[in-house]
2 protein chains.
Amino acid sequence: MAGRTDSRPTMDDIAAAAGVSQMTVSRVMRGTGQTSQEVRQRVESAARKLGYVPNRLATALRDETAPLIAVVLPTLGNRVFSEVLNGVHATLAGTGLQPVFGVTEYSVDQEETLVRDLLSWRPRGIILPGLEHSDATRAAIRASGVRVAEVMDIDGEPISVAFGLSQSAAGRATARHMLSKGYRRFGYIGSQGGLDLRAVKRFDGFRATIREAGAQIVAERVLPGASSMTDGRRETAAMLSAQDPPDAIYYSNDDLAAGGIMHCLAEGIAIPAQVALAGFNGLAFLEALPVRLTTIETPRLQMGVQAALHLIGQDKDDADTSAPRIVDLGFRLIDGDTC
Amino acid sequence: MAGRTDSRPTMDDIAAAAGVSQMTVSRVMRGTGQTSQEVRQRVESAARKLGYVPNRLATALRDETAPLIAVVLPTLGNRVFSEVLNGVHATLAGTGLQPVFGVTEYSVDQEETLVRDLLSWRPRGIILPGLEHSDATRAAIRASGVRVAEVMDIDGEPISVAFGLSQSAAGRATARHMLSKGYRRFGYIGSQGGLDLRAVKRFDGFRATIREAGAQIVAERVLPGASSMTDGRRETAAMLSAQDPPDAIYYSNDDLAAGGIMHCLAEGIAIPAQVALAGFNGLAFLEALPVRLTTIETPRLQMGVQAALHLIGQDKDDADTSAPRIVDLGFRLIDGDTC
DNA sequence: TTGAAAGCGCTAACAA
DNA sequence: TTGTTAGCGCTTTCAA
């Protein structure tokens with residue numbers, strides 16, 4: 001009905017309908033500058049009548065940046081990252097900024113492609129998981145000048161600012177706790193075939209502490225792909241049915257550990273008398289289990305919130321000139337009933 | 001270093017560096033038209049050297065549409081929607097389309113604002129949850145001319161195409177199953193304070209079937225906000241400790257129902273002898289529980305996949321001229337051990 | 001095979 | 001208080 005070609009109405013169309021210049025429409029729409037009451041009403045009613053929807057692409061092109069925050073996630077199949085994303089989203093709500101996201105499936109190569117892709121939208125900022133990125137990724141980010149925040153991990157050198165926790169320290173804390181309870185023969189069940197670098201760091205810390213204490217890791221199983229409670233149950237069953245099974249199992253996350261609990265409940269295996277268990281994350285659903293899992297609580301929502309706040313916060317120059325910075329959001333060991 | 005102002009290099013900068021026209025750079029970048037081997041290499045190396053990242057905002061403005069698929073979700077706090085989003089994302093991977101999402105928190109008003117917001121990016125398509133939308137939302141979508149897909153529900157009149165299942169039929173199927181096992185006194189535990197319209201439809205179907213059979217619903221509890229396993233455990237405990245408790249409980253989702261199982265396990269309540277339970281969704285983690293929950297399996301990933309395929313599929317005119325259409329992806333009752 | 005011109009819809013800067 | 005001009009970076013169209 002309106003529009004020069006046949007597409008959606010533009011400010012020109014509204015201007016024509018309201019009998020004013022296009023610039024006046026722009027001013028009314030943004031509520032900037034001085035506009036007379038009367039003109040304003042004419043414009044607004046014309047806009048409503050024509051069903052005007054602003055074209056942000058034009059504004060963003062003009063501004064040389066889009067009101068977007070790019071979010072890179074390892075996967076969508078893990079609640080942990082939904083929670084981070086949720087923190088970002090909630091923080092952005094009402095700021096006029098939209099989150100755009102992409103998923104790497106834990107691949108550094110995919111991250112590289114994805115980051116280039118996301119940067120082509122000229123976002124205001126970008127959030128990356130972890131501190132390990134390819135040189136090309138770092139270069140692209142630096143060249144683009146976007147603001148960056150890294151989340152989850154703080155063991156390493158951030159591009160700009162990292163909001164997270166020491167994965168290595170979390171692994172060590174878990175090991176110390178289990179050692180203090182007298183366990184000496186440990187098993188480990190992980191996932192993502194070693195691609196989850198945070199899990200690797202945790203296990204490295206765990207293993208080092210175990211060895212320093214003269215105890216040992218007698219069984220180790222890393223699943224190739226994603227992990228679930230069902231996997232945890234199956235792998236626990238397998239590990240405990242082997243010869244000389246461990247007397248304590250460390251899992252790379254709560255889902256796997258909860259599967260271990262389920263196995264024990266179903267088979268009548270006493271926890272922690274026959275086998276002790278520990279997880280990682282402190283997910284909410286653990287509270288509902290009949291047995292309270294010993295685990296590490298992580299600030300998932302907070303990592304998203306802080307990263308988003310950082311990106312929308314201080315002025316840009318500040319960020320550019322300041323040296324890489326680490327914000328340790330910490331973790332808390334939840335001393336449950338499983339070890 | 002490059003760029004007319006001081007920002008990122010543009011095609012003009014590469015053109016200057018390679019000694020060709022800007023148009024030639026454009027052609028090389030997109031691999032269209034004829035370009036000589038030699039020019040192509042000069043351009044490509046200049047682009048690499050300058051760290052060129054295309055500006056999609058310009059392309060999208062020119063094209064009058066951005067390579068985006070907008071996804072509206074009720075919440076990020078429920079795995080169900082992460083799974084739908086995952087289906088969308090996986091389907092879009094490699095097509096050059098990016099998902100942009102927003103969250104309504106089950107509010108029709110927020111949906112209205114969000115849809116306008118998302119449409120201002122001129123996306124190629126939009127995915128909405130459910131069939132209930134405000135008139136303004138429908139109008140904005142129609143006026144924009146974007147392709148639409150609605151997911152989750154098929155009980156109603158779609159804007160264009162709906163991919164989902166009959167929520168009402170799912171509720172009725174659950175009721176019939178429970179009635180067939182001889183239960184007569186039912187309880188219901190829901191969440192989102194009645195804002196989750198799909199849950200309301202399920203319960204309506206459930207209730208109608210129960211009443212038709214002359215049985216009754218003796219207890220009903222709808223939590224105001226989001227639901228979790230912990231809520232389910234607590235509410236189950238409360239419902240069972242009341243006078244004349246129900247002999248069977250229907251939950252609006254698996255998380256709540258799993259909480260019910262946990263309560264029974266912890267308290268030594270026999271399932272289904274003392275109380276029968278049924279959930280909804282068929283989430284993967286149920287397999288790991290010591291007791292197999294009776295529930296309804298829903299095609300969550302498929303809803304995302306099909307919706308995305310539809311939006312990137314057929315040509316536009318096709319979609320515009322065709323009447324509203326429903327694609328019933330069905331559901332499956334999982335006959336577990338809890339009723 | 002390459003280039004020049006025009007314009008997508010919007011806003012900053014300046015003019016009236 | 002309102003309008004005019006120029007241009008953001010790209011691609012379509014037409015010309016060389």
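Letters A, B, ... mirror the listed sequences (proteins, then strands); counts begin at 1.
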Interatomic distance, B/Ile14 CD1 vs D/dC10 C1' [rounded to whole Å] = 12 Å
B/Arg56: what forms a salt bridge (Lys or Arg N to Asp or Glu O under 4.0 Å) with it, not counting sequence neighbours?
-> A/Asp117
Quick check: are there more than 12 heavy atoms from other residues, nucleotides or ligands sitting under 6.0 Å from CZ of B/Arg40?
-> yes
side-chain hydrogen bond (donor to acceptor under 3.5 Å, both in side chains) partners of residues 20-30 of chain A, not counting sequence neighbours, each pair once | A/Ser21-A/Thr24, A/Ser26-A/Arg30
In whole Å, what is the span from the CZ atom of B/Arg42 to the P atom of C/dT2?
-> 9 Å
Considering only heavy side-chain atoms of B/Thr35, the closest of C/dT2, C/dC8, D/dC8 is C/dT2
As a check of understanding: the bend across the helix from C/dT1-D/dA16 to C/dA16-D/dT1, end axes from five pairs, rounded to 10 degrees, works out to 40°
Could you pull out all residues at least two apart from B/Phe163 that satisfy ring pair (Phe, Tyr, Trp, His ring centres under 6.0 Å)?
-> B/His310
Residues 123-141 of chain B vs side-chain hydrogen bond (donor to acceptor under 3.5 Å, both in side chains), sequence neighbours excluded, gives B/Thr65-B/Arg124, B/Glu111-B/His133, B/Glu112-B/Ser134, B/Glu132-B/Lys201, B/His133-B/Glu150, B/Ser134-B/Thr137
Is any side-chain N or O of B/Thr24 closer than 4.0 Å to OP1 or OP2 of C/dG3?
-> yes
List for me each residue that meets salt bridge (Lys or Arg N to Asp or Glu O under 4.0 Å) alongside A/Arg300, sequence neighbours excluded, and say none if there are none.
-> A/Glu83
Salt bridge (Lys or Arg N to Asp or Glu O under 4.0 Å) against B/Glu157, all qualifying residues, sequence neighbours excluded | none
B/Glu105: partners by salt bridge (Lys or Arg N to Asp or Glu O under 4.0 Å), with sequence neighbours left out | none
Take atom CG of B/Leu61 and atom P of D/dT11, then tell me their distance rounded to the nearest Å.
-> 11 Å
For every nucleotide of nucleotides 10-16 of chain C, 5' to 3': is a protein heavy atom under 4.0 Å from its base (B), only from its sugar-phosphate (S), or from neither (-)?
-> BBB----
